[in-house]
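Below: the structure, in structure tokens.
Computed from a predicted structure; not experimentally measured. Naming: A, B, ... by sequence-line order, numbering from 1 per chain.
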There are 2 protein chains.
Amino acid sequence: MCHLHTFKDIINKTILNSENKNKALELNPNVSVDCVIFGFDFDQLHCLLIDSGLSKSTGRSRLAVPGDLIYDNETLDEAANRVLKELTGIDNIYLEQVGAFGDPNRMGKESDKEWLKSMRAEPDARVITVAYFSLVKMNDFNPEASSFAESAGWAPIKEIDELAFDHYEILQCALKQLKRKIKIQPIGFNLLPQKFTLSQLHKLYESILNKPLDKRNFRRKILNLQILTPLNEKQIGVPHKPSQLFEFNEENYQKLSSEGFDNFGF
Amino acid sequence: MCHLHTFKDIINKTILNSENKNKALELNPNVSVDCVIFGFDFDQLHCLLIDSGLSKSTGRSRLAVPGDLIYDNETLDEAANRVLKELTGIDNIYLEQVGAFGDPNRMGKESDKEWLKSMRAEPDARVITVAYFSLVKMNDFNPEASSFAESAGWAPIKEIDELAFDHYEILQCALKQLKRKIKIQPIGFNLLPQKFTLSQLHKLYESILNKPLDKRNFRRKILNLQILTPLNEKQIGVPHKPSQLFEFNEENYQKLSSEGFDNFGF
DNA sequence: CCAAAAGTGTTGAAGTTACACCCATGC
DNA sequence: GCATGGGTGTAACTTCAACACTTTTGG
């Protein structure tokens, strides 16, 4: 799995951040946001997780989805964007709300309580969290090179089987929503670099939908939508026939979606 | 439109309700649930609204979707069910979360503030609301005959153009989700009596999707799903050829959905 | 007998699936 | 020259949309 070893409290970091110092008193103790951040390495779908360090009670490491309590003067979307910006340094990340999770016992595990005590002013408060999923170009955030080198990392979705709090459930809901959405809107482009090949896009769809898709049919469907612009460029340095590169054509997509398109038909 | 005249504070009613007296101190000031309740009268889709009475500042009546702050020891789903039960007296209503709405200014209109002051212990608290939509058989709740005779009523969806707080936006989101969902799961049966005709179901789909559907194609598709049981009964007393009555067949539906059906294809 | 809604089949068009071989490159 | 992934077309099948007339009842 990914390399996540020691614990850094990104929430404290936030509060101490000078820009936010005047907001610190307005943290709402009852509402948080959690962001499931997806990334794609041309092979598998990944999720960005943070590490709480070893739990004293279980001796095991607790991984979680990044999140924070909200400030009373920001919207939920703003709070989610803030969490993303603080962790990855990236603005304008694709973001979509998944829903609210509010089981009173969602933070009830012993190892979770330890963690909460170390990072929350009111660790016993009832917290409802609003979950988001976001899509980032994986190269835009390399945890190894950031200040979160040891507390955040990309984990392949398939290898995640347990998370802190109710985050495993949240991840599954986010994944379900991504699967649904990818079929009716070309949001997958947010996971790829600006220039990409049809094979990369193909693989991305297979990874998200978790099933093989026929190569020729996939290409035909995507190209028929006319939302890809072929570039006068090919892959270089690959040990096989170099592939045509494409760009996502936002203009055509806007035209298409205003005409009422809503289905890729996979 | 529907008949909604005077104001009754269903929230106060809740707090004073003996069963809940011991919970009253645990009302969470920052999180509420709001329920968009849909009903169908065989002609149009309706929504159950409550009336705040006339606003002093605008002189206009403010209609809203029913809702309440949550208790710290209940889940969000439980809170939504509580609101539904208190208003309609019905248990086991079909319920689905729409999402969280948390703009800090969502309760900012003057006329809304008046109302809040009359019903909330902390009228100025930042409140995030979790919206739900629910489907009820319209005959199961007749506001005229209930204790909410004058403060709650069914309004045709098409005639609603303004609501208190951000409830109009919430209604539109709920409606969008209902449209999406009705195409892939037969939840429409929750809006009809146990015995119904294909024409009624047809009209229901047209009302929700807000477009005409071909009669023959509709019947074929629905019948092909084999989730309807034809009864040995017909309509009586109608001034035209009486229609065959059907029941929803839950057993077949379960079988079908476990086999992975997910599309009505409208 | 008239008005009103129920009920019923076919056809052409569109879309979907399944499938196999040659091509360009680096080594 | 060989291994690797890139790129291409067609035929069978399924699904969908469009469309008009006869039937049964109450009044």
Side-chain angles (χ1 to χ4, degrees), chain A residues 40-44 182-184 192-193 195-207 209 211-247 256 259-266, chain B residues 40-44 182-184 192-193 195-207 209-226 228-247 256 259-266:
Chain A
F40 180 63
D41 65 355
F42 302 121
D43 179 45
Q44 289 182 72
I182 198 84
K183 290 186 194 178
I184 58 176
L192 292 171
K195 300 172 181 182
F196 53 86
T197 71
L198 286 181
S199 293
Q200 288 166 348
L201 189 61
H202 181 209
K203 185 85 199 206
L204 171 58
Y205 270 78
E206 291 188 325
S207 301
L209 299 176
K211 67 177 183 191
L213 298 171
D214 182 87
K215 183 167 60 161
R216 279 179 280 196
N217 295 337
F218 177 84
R219 287 170 168 251
R220 191 180 9 250
K221 279 184 197 173
I222 286 286
L223 290 173
N224 281 345
L225 290 175
Q226 307 218 239
I227 53 174
L228 296 187
T229 308
L231 301 171
N232 288 325
E233 266 185 87
K234 295 188 172 188
Q235 282 182 311
I236 48 171
V238 288
H240 53 77
K241 181 172 174 178
S243 175
Q244 166 83 256
L245 287 169
F246 290 84
E247 255 181 7
L256 191 58
E259 285 166 8
F261 121 96
D262 72 345
N263 208 324
F264 275 66
F266 294 117
Chain B
F40 179 64
D41 66 354
F42 302 122
D43 179 46
Q44 289 183 72
I182 198 85
K183 290 185 194 177
I184 57 175
L192 292 171
K195 299 173 182 182
F196 54 86
T197 71
L198 285 182
S199 293
Q200 288 165 348
L201 189 61
H202 181 209
K203 184 85 198 203
L204 171 57
Y205 270 78
E206 291 188 326
S207 302
L209 299 176
N210 198 29
K211 67 177 185 192
L213 299 172
D214 182 88
K215 183 166 60 158
R216 281 178 281 196
N217 294 338
F218 177 83
R219 287 170 169 252
R220 193 183 5 252
K221 279 183 199 174
I222 287 285
L223 290 174
N224 279 345
L225 291 175
Q226 308 217 241
L228 297 186
T229 308
L231 302 172
N232 288 325
E233 267 184 87
K234 294 187 173 189
Q235 281 183 311
I236 47 173
V238 288
H240 53 75
K241 181 172 175 178
S243 174
Q244 167 81 258
L245 288 169
F246 289 84
E247 254 180 10
L256 191 57
E259 284 165 11
F261 121 96
D262 71 345
N263 209 323
F264 276 65
F266 293 118

Rounded to the nearest angstrom, tell me the gap between atom CD1 in A/Ile236 and atom C1' in C/dG26. 13 Å

Minimum heavy-atom distance A/Leu213-A/Tyr205, with the two atoms named: CD1-CB, 3.7 Å

Minimum-distance nucleotide to A/Lys215 side chain [options: C/dT17, D/dT24, D/dG6]: D/dG6

Separation of D/dT8 atom P from A/Lys221 atom NZ, nearest Å, is 18 Å

Separation of C/dT10 atom P from B/Asp214 atom CG, nearest Å, is 16 Å

Given atom CZ of B/Arg219 and atom P of D/dA17, what is their separation to the nearest angstrom? 18 Å

Whole-Å distance between C/dC2 C1' and B/Lys241 NZ? 17 Å

First encountered from the 5' end of DNA chain D, between A/Arg220 and A/Leu245: A/Leu245

Has A/Ser199 got a side-chain N or O lying under 4.0 Å from the OP1 or OP2 atom of D/dG5? no

Whichever of A/Lys234 and A/Asn217 has its nearest DNA chain C nucleotide further upstream toward 5': A/Asn217

In whole Å, I'd like the distance from the CD atom of B/Glu206 to the P atom of C/dA5. 13 Å

Pairwise distance CD(A/Glu247) to NZ(A/Lys195) - rounded to 0.5 angstrom: 7.0 Å

Please examine the side chains of A/Gln244 and A/Leu198, heavy atoms only from C-beta on, and report whether any two atoms are closer than 4.5 Å. no

Taking the nucleotide of DNA chain C with the closest heavy atom to each, which residue, A/Arg216 or A/His240, is nearer the 5' end? A/Arg216

A/Phe218 atom CZ is separated from C/dG15 atom C1', nearest whole Å, by 17 Å

Just so I know, are the side chains of B/Ile222 and B/His202 near enough to count as touching, which here means a heavy-atom distance under 4.5 Å? no

Would you mind classifying the nucleic acid contact of A/Thr197 as base, sugar-phosphate or nothing, using non-hydrogen atoms under 4.0 angstrom? nothing

Base, sugar-phosphate, or nothing for B/Gln244, non-hydrogen atoms under 4.0 angstrom? sugar-phosphate

B/Ser207 versus B/Asp43, closest heavy-atom pair with distance: OG-O, 3.3 Å

Just how far, in rounded Å, is C1' of C/dA18 from CG of A/Leu213? 14 Å

So, does A/Ser243 get its side chain near the phosphate of D/dG7, meaning an N or O under 4.0 Å from OP1 or OP2? yes

